[in-house]
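Data block below; observations after.
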Amino acid sequence: LYPIDLIKVRYQVYDKTGNAYTSLSQAFRTIVKEEGLSGLYQGLIPSTIASALSWGGYFYFYENSKKRKLQALSEASGGGPAKLETQDHLLSGIEAGSVMVFITNPFW
């Protein structure tokens, strides 16, 4: 997927400079010819690190939110077993996503 994403970004950049590629295959061939096969994967490492940190943070906050909701439900039912409903999972996802957007917005 990454080489296609790189070509998409190059299309967006080169379209504004006037040196646009004429086709996907021509863009692919030009990048490989001028930069080598590794040119198709430029930026892969920073992108992978950023994605891993972003998703890791998302799941951390998601699980933390679910744990807090489960604890509150358990206390409300007198300490008995509690089960999260669909809306609890949805709200936990919204909370985690909102926190991660706030944290990663300047960078990602």
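Quick caveat, the model's predicted, so the values are computed rather than measured.
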Tell me whether [X] shares a hydrophobic cluster with [Y], the cluster being built from Ile, Leu, Val, Met, Phe, Trp, Tyr side chains joined at under 4.5 Å.
X   : Y    : value
F59 : F61  : yes
I94 : V99  : no
L37 : I31  : yes
L91 : V101 : no
L53 : I45  : yes

For the side chain of [X] and the backbone of [Y], is there at least one donor-acceptor N/O pair under 3.5 Å apart?
X    : Y    : answer
S51  : S47  : no
Y11  : L24  : yes
Y2   : G43  : yes
T104 : M100 : yes
S74  : L70  : no

What's the spacing between [X] [atom1] and [Y] [atom2] if we round to 0.5 Å?
X   : Y   : atom1 : atom2 : result
D88 : E95 : CG    : CD    : 11.5 Å
K33 : Q26 : NZ    : CD    : 10.0 Å
L40 : D5  : CG    : CG    : 12.0 Å

- Message: Would you say that more than 12 heavy atoms from the other residues, nucleotides or ligands in this model lie under 6.0 Å from the CG of L90, or not?
- Response: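 It does: L90 CG has more than 12 such atoms within range.
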- Item | Electrostatic pair R10:E34 at N-O distance under 4.0 angstrom |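 No, no charged N to carboxylate O under 4.0 Å.
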Shortest non-hydrogen contact from [X] to [Y]?
X   : Y   : value
H89 : L84 : NE2-CB, 3.7 Å
L73 : A82 : CB-CB, 3.7 Å
G39 : L6  : O-CD2, 3.2 Å

- Taking the inter-plane angle between the rings of Y58 and Y62 on a 0 to 90° scale, is it parallel (under 30°), tilted (30 to 60°) or perpendicular (over 60°)?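 Correct class here is parallel.
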